[in-house]
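This report concerns only the one structure given below.
As the structure lists them, so they are numbered: ligands from 1, and atoms in each ligand from 1.
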Amino acid sequence: MTDDTPSSGPNENVTLPGLLRIDHVGVAVPDLDEAIAFYTATFGLCCVHRETNEEQGVQEAMLAVGDGAGPRLQLLAPARPDSAIAKFLDRSGPGLQQLAYTVADVEAAADALRARGLRLLYDAPKRGTAGSRINFVHPKDAGGVLVELVEPAEGGTPVG
Ligand code: MC0
């Protein structure tokens, strides 16, 4: 190692997951309408998308910040009592639930992380916001953070 070799950072000998940017930050909330009202009135965010994801058991909203060019805030409310968000709220209360990164290829990103010994929650990607394809890294394998990988739907901009 020479003096100018970084002591940490990308290792050219292993495949990296290809994270492009922060896609969104997810916050668990008990009531979606109330949360949207709070974030729009108090912080001036703009709700640009809403949907119910039956498979995930969530009612969700995406909120844009400022000019909308950057990452979104995702509000996640339980659509049923046995959902991941309901369990999170029961255990931890409202608050930060996940950090999501945009990737070009969710399967390749998941494979790269599996190769490093991280547990991915799904064998194959599932449907996420606005037709995106998603997978998650177990929070116990990512420093206590539930990491989501998001491959946006064909055509680019995830939502809005
Ligand atoms: C659980 N733990 C977390 C956590 N959820 N730590 C950080 N962040 C979270 N969100 C911790 C617990 O405190 C506990 O720690 C340990 O993990 C329990 O692990 P477990 O028993 O294996 O699992 P569960 O039953 O608590 O479930 C956690 C798990 C689940 C991440 C597997 O929430 C899940 O499947 N999430 C992925 C799906 C999801 O989150 N869907 C909702 C968003 P201790 O220390 O007490 O052992 S849907 C979405 O996001 C879509 C619409 C999109 O963006 O497109």
Starting from the N and O atoms of ligand 1, find every protein N or O within less than 3.5 Å and list the pair with its distance.
{"from": "ligand 1", "atom 1": "10 (N)", "to": "Q97", "atom 2": "O", "distance (Å)": "2.9"}
{"from": "ligand 1", "atom 1": "15 (O)", "to": "K140", "atom 2": "NZ", "distance (Å)": "3.2"}
{"from": "ligand 1", "atom 1": "22 (O)", "to": "H138", "atom 2": "NE2", "distance (Å)": "2.9"}
{"from": "ligand 1", "atom 1": "25 (O)", "to": "K87", "atom 2": "NZ", "distance (Å)": "2.5"}
{"from": "ligand 1", "atom 1": "26 (O)", "to": "R91", "atom 2": "NH2", "distance (Å)": "2.1"}
{"from": "ligand 1", "atom 1": "40 (O)", "to": "Q97", "atom 2": "NE2", "distance (Å)": "3.0"}
{"from": "ligand 1", "atom 1": "41 (N)", "to": "Q56", "atom 2": "OE1", "distance (Å)": "2.8"}
{"from": "ligand 1", "atom 1": "45 (O)", "to": "K140", "atom 2": "NZ", "distance (Å)": "2.6"}
{"from": "ligand 1", "atom 1": "50 (O)", "to": "Q98", "atom 2": "NE2", "distance (Å)": "2.8"}
{"from": "ligand 1", "atom 1": "50 (O)", "to": "E148", "atom 2": "OE1", "distance (Å)": "3.3"}
{"from": "ligand 1", "atom 1": "54 (O)", "to": "H24", "atom 2": "NE2", "distance (Å)": "3.4"}
{"from": "ligand 1", "atom 1": "54 (O)", "to": "Q74", "atom 2": "OE1", "distance (Å)": "3.4"}
{"from": "ligand 1", "atom 1": "54 (O)", "to": "Q74", "atom 2": "NE2", "distance (Å)": "2.9"}
{"from": "ligand 1", "atom 1": "54 (O)", "to": "E148", "atom 2": "OE1", "distance (Å)": "3.0"}
{"from": "ligand 1", "atom 1": "54 (O)", "to": "E148", "atom 2": "OE2", "distance (Å)": "2.9"}
{"from": "ligand 1", "atom 1": "55 (O)", "to": "T129", "atom 2": "N", "distance (Å)": "2.8"}
{"from": "ligand 1", "atom 1": "55 (O)", "to": "T129", "atom 2": "OG1", "distance (Å)": "3.0"}
{"from": "ligand 1", "atom 1": "55 (O)", "to": "E148", "atom 2": "OE2", "distance (Å)": "3.3"}

Practice problem: For E60 and H49, run side chain to side chain donor-acceptor pair (under 3.5 Å): C-alpha distance rounded to whole Å, both residues' side-chain angles, the deciding distance at 0.1 Å, then the answer. | Solution: CA-CA 8 Å; E60 62 146 307; H49 181 80; 5.4 Å; no
Taking NZ, NE, NH1 and NH2 as the nitrogens, is one of them in K126 or E55 under 4.0 Å from a carboxylate oxygen of the other? yes
Contacts satisfying salt bridge (charged side-chain N to carboxylate O under 4.0 Å, His left out) that involve residues 87-99 (not counting sequence neighbours) are none
Members sharing F88's hydrophobic cluster, built from side-chain contacts under 4.5 Å between Ile, Leu, Val, Met, Phe, Trp and Tyr, are none
D82 meets the salt bridge (Lys or Arg N to Asp or Glu O under 4.0 Å) criterion, sequence neighbours left out, with R80
Salt-bridge criterion met for R50 and D33 (N-O under 4.0 Å): yes
